[in-house]
Every structure is written in structure tokens, then in C-alpha cells.
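Only one structure is covered here, and it is reproduced in the block below.
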2 protein chains.
Amino acid sequence: MPQINSDRYQQQRKQAIRSAAAVFAEKGFHGSSTKDIAERMGIKQGSLYYYFKSKEEALGEVCLFGIEDYVHRMDGIANGDQPFEAKLMATITSHLSSYREKNEALKVHNDERLYLPEEKRYRLRQLGSHYRQSLEGIFEEGVKSGALRDSIDCHFAAQAVIGICNAWGDLIVRDPQLDIFDIIQKCTDLLLNGFCERRKEKRT
Amino acid sequence: MPQINSDRYQQQRKQAIRSAAAVFAEKGFHGSSTKDIAERMGIKQGSLYYYFKSKEEALGEVCLFGIEDYVHRMDGIANGDQPFEAKLMATITSHLSSYREKNEALKVHNDERLYLPEEKRYRLRQLGSHYRQSLEGIFEEGVKSGALRDSIDCHFAAQAVIGICNAWGDLIVRDPQLDIFDIIQKCTDLLLNGFCERRKEKRT
DNA sequence: AAATTATTCTATAGATATATAGAATCACGT
DNA sequence: ACGTGATTCTATATATCTATAGAATAATTT
């Protein structure tokens with residue numbers, strides 16, 4: 001029986017989650033064997049089952065580990081009292097930073113979560129919805145405050161921001177050379193101002 | 001020996017590719033068995049090898065099938081003589097339409113191509129690069145013609161458009177109810193104008 | 001240091017998958 | 001209807017993978 005309350009156990013288990021994240025990110029869930037994961041961690045295949053009751057449980061833990069940080073940070077941003085533009089930029093920064101810090105686990109969440117049983121997918125969907133709704137709320141505030149055109153579709157806008165962040169997140173994972181602050185800057189600029197030329201007006 | 005020149009063979013093979021696309025899209029490459037694919041096609045597992053010499057060859061064909069249309073259409077758009085805004089909208093329309101028509105194969109290309117051997121991934125990368133470069137060219141034209149601010153980074157812009165299209169493509173695949181023309185409209189508007197309020201100026 | 005508990009190992013049962021070989025069936029031209 | 005080649009089937013060799021059981025080792029407590 002595992003000693004799930006001990007500190008050492010929890011530390012080793014987190015190590016196992018990180019190993020699983022790395023292997024799943026590289027070879028995909030079904031392309032990875034429990035042997036691969038165990039080897040990366042420096043133990044034998046069978047020993048892995050001291051930390052997970054199944055390969056699928058490992059996947060669930062990796063997915064959760066991947067998103068928990070940025071989903072959690074979103075609450076702080078949405079409930080803060082910054083103006084719209086600052087909140088948008090903070091969101092993008094938080095989201096892209098997660099890709100730097102937890103690249104493997106986040107990639108696994110995006111690409112492999114569909115292999116989880118419905119029950120666990122549901123939990124992840126809830127977190128995702130919560131995130132999207134908070135972002136939608138930020139856009140609604142922006143419209144009310146007059147920072148944004150009132151013709152914009154806040155649901156579409158939130159979805160678009162998430163889409164852009166994930167697309168660039170993917171590129172960031174693949175190419176660690178990319179300048180993340182440059183990307184944050186340009187994404188924000190695109191979302192606020194678009195690409196069109198227009199007669200000069202000061203705009204921060 | 002397969003009769004690779006006969007019409008019937010080619011038709012059946014395309015059927016096999018579509019079956020593989022459907023199964024791979026649903027369960028992923030490693031999560032699908034050759035039995036699954038054969039069954040969906042209405043033949044027995046072993047018979048599939050009359051059309052593919054390996055499961056991996058099937059994946060390669062599906063990936064290529066998924067992108068060939070929109071990659072090919074891009075040449076027509078880029079070389080046309082429409083103004084910038086029309087080209088941008090045509091690109092988005094073409095890209096998102098592909099997600100409606102070939103949703104399964106396209107999803108497979110995006111999610112599973114990494115399981116191909118380097119040699120085949122290289123070919124797909126070439127097609128992707130060609131696509132991105134054409135789009136980059138459209139943006140460069142747009143800057144030159146004065147339609148776009150000259151401060152924009154065309155490489156970033158092209159990447160962003162592709163990212164947005166793929167993000168929405170994914171949602172389109174999952175939810176066939178979505179109004180694709182509404183999305184095209186809003187994506188174009190976002191890219192051109194951004195979300196900010198600004199003093200009225202006419203803008204098509 | 002003995003006893004107890006926690007962790008890892010070895011070995012394996014049982015399931016499932018890919019690819020091949022050779023037999024059986026089908027389609028079609030004559 | 002016959003023969004020929006095209007297509008599909010059956011059966012299987014070979015490999016691999018998950019999860020478990022029980023032995024072995026390491027760590028900790030008394």
C-alpha cells in the first residue's frame with residue numbers, strides 16, 4: 001500500500017507526473033509505454049504502479065498539473081481592478097508564461113486529454129469553461145467602460161484570445177528561442193488595434 | 001499484388017483513406033487498430049494491407065489528403081490580383097471551409113502527424129511552410145499598398161492568422177452547428193480592426 | 001540492532017496489435 | 001461457362017503492453 005500522506009511519497013509522485021508529462025508530450029499517450037515513463041524516472045516498469053493505479057490516472061494527473069496554474073491565476077486577474085488593456089495583457093502573459101514553465105504538461109493537456117474517461121474530461125472542461133468565462137467577463141467590462149467597440153462579440157473575442165495563445169504556446173514549446181515578451185506585445189497590439197493602417201491617433 | 005493502376009483500386013484506396021481518417025480522428029493514431037479501420041470500411045483486418053503496406057502509410061496518406069486542398073488553393077489566392085482585404089478573407093474562407101469538408105483528415109494532420117517518420121513529416125512541413133510564406137507575401141503586399149500599418153511584423157501576422165484559423169477549425173470540427181460565415185466575418189474584422197473603440201471612420 | 005513499514009524489484013498472466021502467407025472468392029473478358 | 005487475374009478472407013507468428021503478485025531491499029522507529 002502506498003503511503004499517500006507522507007511527504008516523500010508526494011514528492012516522488014510529482015516526479016512521476018513530470019516524467020509522464022515529458023514522455024507523453026514526446027510520444028503521445030498511446031505511443032508511450034509505462035516502461036518509457038518508469039525509465040525516465042529511473043525506476044522499473046512495475047514500480048510505477050506504486051504511484052498510479054493505471055496509466056490513465058497518470059494522464060489525468062499530467063493534464064491537471066498542466067493547466068491548474070494559469071486557470072488559477074485567471075481569478076486574480078479577472079477580479080483585480082486594473083483597466084481593460086492591462087487585464088488583457090496580464091491574461092496573455094500568464095497564459096504564455098505557463099507554456100514556458102509547464103510546456104510538456106500543457107501540451108499533453110491540449111493534445112491527449114480526449115483519452116481520459118468522460119468523468120475526468122468533465123472536470124477539465126469545467127476548468128476551461130471557467131477560464132473562458134472569466135475572460136469573457138473582462139471583455140464585457142471593456143465594452144462597458146468604453147475601451148472596446150460595443151459591436152464586438154465577447155464570446156468570440158474570448159475564444160479568439162485563447163486560440164491565439166494556444167497557437168503561440170505551441171510554437172513556444174517547439175522553439176525555446178522565441179522571445180516571449182515580443183509575442184505578448186504583438187498579440188496584444190493585434191487584438192486591440194488590428195493590422196490596418198489608420199489616420200494617426202494616440203493609442204497607448 | 002495490388003493493381004495500383006486500376007480505377008477501382010484507386011477508388012477503394014481513397015475509401016480506405018477516408019475510413020482511416022475517421023478512425024484516427026476519433027481515437028488517435030496509436031489508439032486506433034487496423035481492425036477498427038478495416039471494420040469501418042467493411043473489410044477484414046488483414047485485407048487492409050492490400051491498400052497500405054503499413055498502418056503508418058495510412059497515416060501519411062490521411063495527413064496529405066487533409067491539407068492538400070487548402071494548400072493548393074492558397075496559390076490561386078496569393079497570385080490573384082485582388083486587394084489585400086479580399087485576399088485575407090479568401091484565405092480565411094478557404095482554410096475554414098477545409099475544416100468543414102475534410103474535418104477528420106485535417107484534425108488528424110494537426111494532431112497525429114508527429115507519429116510519421118521524419119521523411120514524411122518533412123514533406124508536410126514543406127507544404128505548411130509554403131502556405132505560410134504565401135500568406136506572409138499577402139501581408140507584405142498589404143503593407144506596400146498602404147492597406148496595413150508598416151509597423152506590423154508580417155511573419156507574426158501570418159502565423160497569427162493560421163493560429164486563429166486552426167483554433168476555430170478545431171471548434172468547427174467539434175460543433176457542426178457553428179455558423180462558419182459568421183466566424184469568417186468576425187475573424188477578418190478582428191484582424192483588420194482589432195477590438196478597440198475609436199472615433200468613427202468609414203471602414204468597409 | 002530488531003522490528004516494522006515503505007519502496008522497489010522480478011516475473012508473469014492475459015490481452016491485444018501488426019504484418020504476412022496462402023487459400024478462397026469474386027469479376028470480367030472471351 | 002471457363003479461365004485469369006484481382007480482391008478479400010482465414011489463420012497465425014511475433015511482438016508488445018498493462019497490471020498484479022509476491023519477493024527483495026531500503027528506510028525508519030523503537
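- Closest contact between the side chain of A:Q12 and the listed nucleotides D:dA19, C:dT8, C:dA19 involves C:dT8.
- For the pair A:H30 NE2 and C:dT16 P, the computed distance is 13 Å after rounding to whole Å.
- Residues forming a side chain to side chain contact (heavy atoms under 4.5 Å, CB included) with B:D175 (at least two apart in sequence, or on another chain): B:Q177, B:L178.
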* Go through the steps for B:Y131 and B:H95 under the test side chain to side chain donor-acceptor pair (under 3.5 Å), then give the verdict. => CA-CA 11 Å; B:Y131 184 77; B:H95 200 130; 2.8 Å; yes
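- Atom NZ in A:K55 sits roughly 15 Å away from atom P in D:dT16 (whole-Å rounding).
- With rounding to whole Å, B:L48 atom CG is found 13 Å from C:dA17 atom C1'.
- For DNA chain D, the neighbouring residues in residues 31-46 of chain A, judged by any heavy atom under 4.0 Å, are A:S32, A:S33, A:T34, A:Q45, A:G46.
- In this structure, OH of A:Y51 is placed 19 Å from P of D:dT18, rounded to the nearest angstrom.
- Applying the salt bridge (charged side-chain N to carboxylate O under 4.0 Å, His left out) rule to B:K35 yields the partners B:E39; only residues at least two apart in sequence or on another chain are considered.
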Name the pairs: protein N/O against N/O of nucleotides 24-30 of chain C, kept only if under 3.5 Å.
none

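- Here the P atom of nucleotide C:dA19 and the CZ atom of B:F52 are 12 Å apart, to the nearest Å.
- A:F24 is linked by a ring pair (Phe, Tyr, Trp, His ring centres under 6.0 Å) to A:F29, counting only residues two or more places apart in sequence or in another chain.
- By the side chain to side chain donor-acceptor pair (under 3.5 Å) test, B:R123 pairs with no residue at all, sequence neighbours left out.
- Sorted by first then second residue, the side-chain hydrogen bond (donor to acceptor under 3.5 Å, both in side chains) pairs that include residues 15-24 of chain A, not counting sequence neighbours, number zero.
- Atom-to-atom, OH of B:Y9 to P of D:dT7 comes out at 8 Å; the value is rounded to the nearest Å.
- Across C:dA19, D:dT18, C:dT7, the shortest atom-to-atom separation from the side chain of A:Y50 is found for C:dT7.
- Taking A:S134 as the reference, nothing meets the side chain to side chain donor-acceptor pair (under 3.5 Å) condition, with sequence neighbours excluded.
- Residues passing the salt bridge (charged side-chain N to carboxylate O under 4.0 Å, His left out) test with A:E118 are A:R121, A:R125, sequence neighbours excluded.
- Using a cutoff of 4.0 Å between basic side-chain nitrogens and carboxylate oxygens, B:K186 and B:D179 are not scored as salt-bridged.
- Among the nucleotides D:dT8, C:dT18, D:dA19, the one closest to the side chain of B:Y49 is C:dT18.
- Between B:S47 and the phosphate of D:dC9, there is a side-chain N or O to OP1/OP2 separation shorter than 4.0 Å.
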